[in-house]
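One-based numbering, in listed order, for ligands and for the atoms of each.
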Amino acid sequence: MDKDIKVREIVRQKFTDYLNAHKCRKTPERYAILDLIYANQKHFDMDTLYEAMNESNFRVSRATLYNTMQLLLKCNLVLKHQFGQNLSFYERAYNNDFHHHLICSHCNKVQEYKDAELKTIIRSKKITRFTPEHYSLYIYGLCSACARELKKTKKNSKVIK
Ligand SMILES: [Zn+2]
Ligand SMILES: [Zn+2]
């Protein structure tokens, strides 16, 4: 079986179990939102998801989208991030390679950063009187495009002077 189809079936099953356990309605819209999230590898915000949903065959209201996202967060199928702006970003949680995030403080671009060594160090930490469940690591700085752009601007301002 194709890996993506398999993942899709597993997450659908997990969602079904959660909805059944919490006596929530199993609407086609909710599954369509889950499918769309798992068809995409990237981080997204609510507006992007809303637009993508409405381009698909399922037109959903913002309220439905919001409610479904709350359910997906509660059953750990989606992760929520706050990358230093007021806006929240989301990404799929199941079968997503664990990664850290590099955030450009100039253009707000977010890149995934995989570092096995870092992951091992953090996971092996024993913290007194605390049981870690998960963590997020955000590294803020300048992306290469912004660094280049800033260098150019600096050079030009020197010429003007
Ligand atoms: Zn940048
Ligand atoms: Zn990510």
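- Taking 2.8 Å as the threshold, H106 does not count as a candidate ligand of the Zn ion (ligand 1), since none of its N, O or S atoms lies below it.
- The backbone N or O of R25 sits less than 3.5 Å from a side-chain atom of R30, completing a donor-acceptor pair.
- Note on H99: counted as a metal contact of the Zn ion (ligand 2), an N/O/S atom lying under 2.8 Å.
- A side-chain donor from one of K26 and N20 sits under 3.5 Å from a side-chain acceptor of the other.
- Closest N/O/S atom of H101 to the Zn ion (ligand 2): NE2.
- Side-chain polar atoms of T16 and Y31 form a donor-acceptor pair below 3.5 angstrom.
- Side chains of Y94 and N76 form no contact here, defined as non-hydrogen atoms less than 4.5 Å apart.
- Taking the Zn ion (ligand 1) as the apex, the angle formed with SG of C146 and SG of C107 is 110°, to the nearest 10 degrees.
- At a cut-off of 2.8 Å, E91 coordinates the Zn ion (ligand 2) through an N, O or S atom.
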**OP:** Decide yes or no on side-chain contact (heavy atoms from CB on, under 4.5 Å) for E112 and E91, but give the supporting numbers first.
**Re:** CA-CA 11 Å; E112 294 188 352; E91 70 180 315; 3.8 Å; yes

